[in-house]
Number of protein chains: 2
Amino acid sequence: MQTLKKRTTYSIGEFASLVGLSAPTIRYYEREGLLKAHRDSSERRVFTDVDIKWVKFLLHLKGTGMSINDLKQYVTWRAMGDETIPNRLALLKNTKTDFMNQYREVQHHLQILNDKINWYEAKETGNNQDSEAFADYLKRLGHTE
Amino acid sequence: MQTLKKRTTYSIGEFASLVGLSAPTIRYYEREGLLKAHRDSSERRVFTDVDIKWVKFLLHLKGTGMSINDLKQYVTWRAMGDETIPNRLALLKNTKTDFMNQYREVQHHLQILNDKINWYEAKETGNNQDSEAFADYLKRLGHTE
DNA sequence: GTACATCTTAAAGTGGACTTTAAGTCAATG
DNA sequence: CATTGACTTAAAGTCCACTTTAAGATGTAC
């Protein structure tokens with residue numbers, strides 16, 4: 001059973017748009033050690049599909065709240081081999097804990113935003129009980145602060 | 001039926017810690033026009049419970065993704081009276097739309113973070129199918145990218 | 001063979017949201 | 001009545017994550 005691997009490579013511009021970043025940002029990430037590019041005969045960066053997967057993974061981590069510095073730490077540990085798996089796991093779990101806390105807060109913020117939108121809409125359509133104040137409206141809904 | 005209103009006032013330091021900000025941040029918000037403080041006989045800022053409610057409300061809006069500039073716009077419209085309610089409503093609805101889009105993205109990021117944590121844990125306890133690659137693991141779970 | 005897009009580097013600049021500094025005022029306490 | 005701590009202002013500084021600039025090299029299209 002023979003497997004044909006597509007051997008596609010990308011310039012920094014192609015690569016950048018494939019992962020949704022700018023070329024300067026890719027260079028910046030490389031300077032920070034988050035990725036390393038191969039080079040062609042004239043020192044131009046060459047990227048592969050594996051690099052795409054890697055950057056997309058980094059962006060997922062970043063999207064959960066990890067800073068560039070956190071990512072650097074992760075990448076450093078990764079380069080050190082399997083004995084740093086506990087470190088990486090702890091970092092990811094802390095990230096998750098922070099994320100979940102933020103998540104809860106943000107849901108409360110959304111609730112207030114929704115309440116305010118509904119309050120304005122009631123006010124606009126004249127459905128407001130005698131121009132009820134927002135604070136009283138919230139109290140009536142059982143939403144604090 | 002007589003109502004006793006507690007007439008408590010706060011210095012900037014007390015106020016700041018009550019709303020979870022620093023005194024310089026309160027001054028910064030005042031400079032930006034997000035709030036205005038009363039002053040005592042020696043020009044020191046004086047805040048009330050109403051101000052606390054107001055700042056907390058602003059922080060809820062801020063927590064849904066509104067920038068200081070968005071808040072300034074909101075406050076400006078608010079000061080112009082009820083004819084700007086449609087403007088404010090539109091601003092809040094746009095904020096909500098942006099928020100919901102971000103929310104969905106971030107949930108996907110969390111999914112990948114969770115998958116990676118579980119993958120590491122499987123790897124640690126030796127429960128990994130022959131050191132299955134993360135990409136294959138994701139594919140098996142039906143999680144893209 | 002020349003124009004043009006795209007790449008290369010190092011270094012400086014940007015935006016947002018504060019934070020810090022410096023120099024001074026004021027009220028209360030010992 | 002001097003020290004202390006909390007306040008006042010304006011202006012400069014900080015942090016993060018990029019972005020922009022400048023000056024030059026290279027490969028491709030006509």
Side-chain angles (χ1 to χ4, degrees), chain A residues 8-48 51 55-75 95 98-99 102 105-106 109, chain B residues 8-48 51 55-56 58-75 91 95 98-99 102 105-106 109:
Chain A
T8 320
T9 62
Y10 310 99
S11 72
I12 194 171
E14 292 163 337
F15 181 67
S17 80
L18 281 170
V19 299
L21 299 173
S22 71
T25 300
I26 299 294
R27 293 193 192 98
Y28 165 66
Y29 281 7
E30 194 187 27
R31 273 200 305 285
E32 294 299 318
L34 299 187
L35 50 89
K36 58 227 144 306
H38 312 110
R39 300 298 181 118
D40 69 10
S41 50
S42 41
E43 282 300 281
R44 291 187 172 187
R45 289 174 183 81
V46 176
F47 299 90
T48 68
D51 299 319
V55 171
K56 286 191 170 175
F57 173 63
L58 285 182
L59 292 179
H60 282 306
L61 294 188
K62 188 163 180 294
T64 62
M66 287 178 77
S67 65
I68 298 293
N69 250 298
D70 290 337
L71 294 176
K72 280 164 83 166
Q73 177 63 268
Y74 181 85
V75 168
T95 298
D98 295 349
F99 179 94
Q102 253 312 109
E105 277 180 38
V106 129
H109 297 320
Chain B
T8 320
T9 61
Y10 310 99
S11 71
I12 194 171
E14 291 163 338
F15 181 67
S17 81
L18 281 170
V19 299
L21 297 173
S22 71
T25 300
I26 298 295
R27 294 194 192 97
Y28 166 65
Y29 281 8
E30 194 187 27
R31 273 200 305 284
E32 294 299 318
L34 299 187
L35 50 90
K36 56 229 146 303
H38 312 110
R39 300 297 182 119
D40 70 7
S41 50
S42 40
E43 283 299 282
R44 292 187 172 189
R45 289 174 183 80
V46 176
F47 299 89
T48 68
D51 299 320
V55 171
K56 285 192 170 174
L58 285 182
L59 293 178
H60 281 306
L61 293 189
K62 187 163 182 294
T64 62
M66 287 178 76
S67 65
I68 297 294
N69 251 297
D70 290 337
L71 294 176
K72 280 164 83 166
Q73 177 63 268
Y74 181 85
V75 167
L91 176 56
T95 298
D98 295 349
F99 179 94
Q102 253 311 110
E105 277 180 37
V106 128
H109 298 321

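Not measured: the values here are computed from a predicted model. Chain letters run A, B, ... following the sequence lines, proteins first and then strands; every chain starts at 1.
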Item to complete: Could I get the full list of side-chain contact (heavy atoms from CB on, under 4.5 Å) partners for B/Glu30, not counting sequence neighbours?
Response: B/Leu35, B/Ala37, B/Arg39, B/Arg45
Worksheet item: With sequence neighbours excluded, what pairs up with A/Asp98 under the side-chain contact (heavy atoms from CB on, under 4.5 Å) test?
Response: none
Worksheet item: Is there any ring pair (Phe, Tyr, Trp, His ring centres under 6.0 Å) pair reaching into residues 13-48 of chain A, and which pairs are they, with sequence neighbours excluded?
Response: A/Phe15-A/Phe47
Worksheet, complete the sentence: Contacts of A/Phe99 meeting ring pair (Phe, Tyr, Trp, His ring centres under 6.0 Å) (sequence neighbours excluded), chain-then-number -> A/Tyr103
Between the protein and nucleotides 21-23 of chain C, are there any N/O to N/O pairs under 3.5 Å, and if so, what are the atom names and distances?
none

Practice prompt. Only counting residues at least two apart or in another chain, list the ones meeting side-chain contact (heavy atoms from CB on, under 4.5 Å) with A/Ser17.
Written response: none
Worksheet item: CG of B/Leu21 versus P of C/dT20: gap in Å, rounded?
Response: 14 Å
Practice prompt. Look at A/Thr25 and D/dT19 and indicate whether a side-chain polar atom (N or O) is within less than 4.0 Å of OP1 or OP2.
Written response: yes
Fill in: Minimal non-hydrogen separation, A/Thr9 against A/Thr48, with atom names
CG2-CG2, 4.5 Å
Worksheet item: Just by protein heavy atoms under 4.0 Å, how would nucleotides 5-12 of chain D read 5' to 3' in B, S and -?
Response: -BBBB---
Discussion item. Once salt bridge (charged side-chain N to carboxylate O under 4.0 Å, His left out) is applied, do any residues pair with A/Lys72, and if so which ones, sequence neighbours excluded?
Written reply: A/Glu32
Worksheet entry | Test side-chain contact (heavy atoms from CB on, under 4.5 Å) applied to A/Ser42 - qualifying residues, sequence neighbours left out | A/Asp40, A/Arg44
